[in-house]
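These notes are about the structure you will find just below.
Each chain gets a letter, A, B and so on, in the order the sequences are listed, and its residues count up from 1.
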There are 2 protein chains.
Amino acid sequence: MKLAEIYRHLRPDILQIEKEIELQVQAEHPQLREASTHILKAGGKRIRPIFVLLSAQYGDYDLNEIKKVAVPLELIHMASLVHDDVIDNADLRRGKKTIKSKWDNRVAMYTGDYIFAKATEIATKSKYPQVHSILAKAMQEMCIGEIEQIQDQYQLDQHVKQYLRRIRRKTALLISVSCELGALVSGTSAKTQHALKMYGYYVGMAFQITDDILDFVGSERELGKPAGSDLAQGNVTYPAIYAMSKDREFYQKMQEFAAEPSRYPLQVDDAIQSIKNSGAVEASKDLANKYVNKANKMLYSIEEKEPAASLEKIAQYIGNRKY
Amino acid sequence: MKLAEIYRHLRPDILQIEKEIELQVQAEHPQLREASTHILKAGGKRIRPIFVLLSAQYGDYDLNEIKKVAVPLELIHMASLVHDDVIDNADLRRGKKTIKSKWDNRVAMYTGDYIFAKATEIATKSKYPQVHSILAKAMQEMCIGEIEQIQDQYQLDQHVKQYLRRIRRKTALLISVSCELGALVSGTSAKTQHALKMYGYYVGMAFQITDDILDFVGSERELGKPAGSDLAQGNVTYPAIYAMSKDREFYQKMQEFAAEPSRYPLQVDDAIQSIKNSGAVEASKDLANKYVNKANKMLYSIEEKEPAASLEKIAQYIGNRKY
């Protein structure tokens, strides 16, 4: 099953949100407009708006109110990608040139800042005042997550907990907030809002773990960047942590790499092979599935009207997605 | 007269705001906390909170409400400095090491993002809902200003209007918003809010023009960076525009520099001498004073209770400040 099939009934609404995002990044300054439009056109699954829409189905579905949170959420995600590309020195994102490489680091920095500010402005139009502080807090947590990721780079002896804490801030949080805000702006009960927030958190964890698996098993075409890129940059994810715990020789090779990456760059193909041989892919899938199950449990706990099928399917999809 | 004397009567309130800023940047993450505290301790005149306080005197002065806008305004200013230092590759700011040089570019990027988000969160506590969108729009304009500054670098043939438009966004806007929000949260009339917003705009223009004069006439100790730094980085400000229009030889030398700055770096001492000899300093002071006068005219138009003395003095001070 493809993602698009799961939310087919919401397709017109997603297109409207897409249009609204496009409209909102039409900055008055030509370079800013081009840079923003460029990152927008680079695509993406718009997973955060989709979660807002699906969660809003539990209450009084009002696309006008939904837009005022779905658009900022996607913009915050986009802005964080623009800033990540500066930091990662990345030239490609989803197979397209990054703003940083198409223009320069400075344009990327201020384009990111601009999109953050735009997101904030749109959120001010929501009639639910809590929206602002929920978004602002999420943005702060995401920054902490990014700094943690920098500090944890090339740290081979990190505990699984450290990895989980990092991906919680880096990815799970914004998906969790997407579900929470969808529930909030459709006026569901506090209990339902909490259940959907937790659902989003668990799905978000599964989403990032799956992403981290795909970095090793995906093709360059599917990933839009070479396989093993994360590890080559020193980002130690669950599959690598697992493989190092099972394969002493791989761990030692990784130590050499981590000690002096510029002198001993990662032998990416070998590393991928070691990871696959260690059973790390299966172990990571198990971990992702645990989170998928937890996510679905949260759905079952909701007592309000239940269009849960889509959210359940999306959780399953995320646990099994190929790219 | 020193700045501190002008607002002596507000000293306890400024200290409270200072404390609140310090409290707010106590991030839960150690590196983020250190980096934020570092930029905070690097000082600064806290000119934006001062303008909020002084403007709020026109209405019902309520420090608790004032804080909710003064703290975000100073944080937005701080965050923009952190991001500017990444972009400018600056190692010193106000004579102290920048976050970028003390840690690295990546930490500086996310520290800036974090402080922006924190500012947004604090503003959500204000009981005046307009505050959020005014701040969000100001942040967008500031980003456009920064991108304009990048594009205008090494452009010698720019019109004075281009310079004025750039400093409007870069500096005047946030000071204008400081005055506007001070007036707003103290419940003054729409007319007074507008007058103070315009006052802040004119004072902000004078402030930046004076800054641009000081770049040529200040000492390294006063400036916290070598004199002529702006021009050496290709930032063409009013004194340089004026001098080039009067001194053909200087213009030609500048053309050589601008065409290949890495090969023909600016002869800073010569450039400063040419600028001083051209009468650019006096002409720039005249321009700054024109804005000071416009600012004060706005004050005279206010019909509400008038504690205008301080704002008038501050405008004069800004037109004449030494550093």
- Query: To the nearest 0.5 Å, what is the distance between CD1 (A:I147) and CE (B:M109)?
  - Reply: 11.0 Å
- Message: With a 4.5 angstrom heavy-atom cut-off, is it the side chain or the backbone of B:Y114 that approaches chain A, or both, or neither?
- Response: both
- Taking non-hydrogen atoms and a cut-off under 4.5 angstrom, which of residues 158-171 of chain B neighbour chain A? B:R169
- Query: Quick check: are there more than 12 heavy atoms from other residues, nucleotides or ligands sitting under 6.0 Å from NZ of B:K68?
  - Reply: yes
- Sort by residue number and list every member of residues 126-142 of chain A having a non-hydrogen atom under 4.5 Å from chain B. A:H132, A:S133, A:A136, A:K137, A:M139, A:Q140, A:E141
- Item | Min side-chain heavy-atom separation B:F116-A:T120 under 4.5 Å | no
- Message: Is it the case that the side chains of A:R106 and B:Q153 hold a donor-acceptor pair, with the cut-off being a distance below 3.5 Å and no angle test?
- Response: yes
- Message: I need the B:I144 CD1 to A:T111 OG1 distance, nearest 0.5 Å.
- Response: 10.5 Å
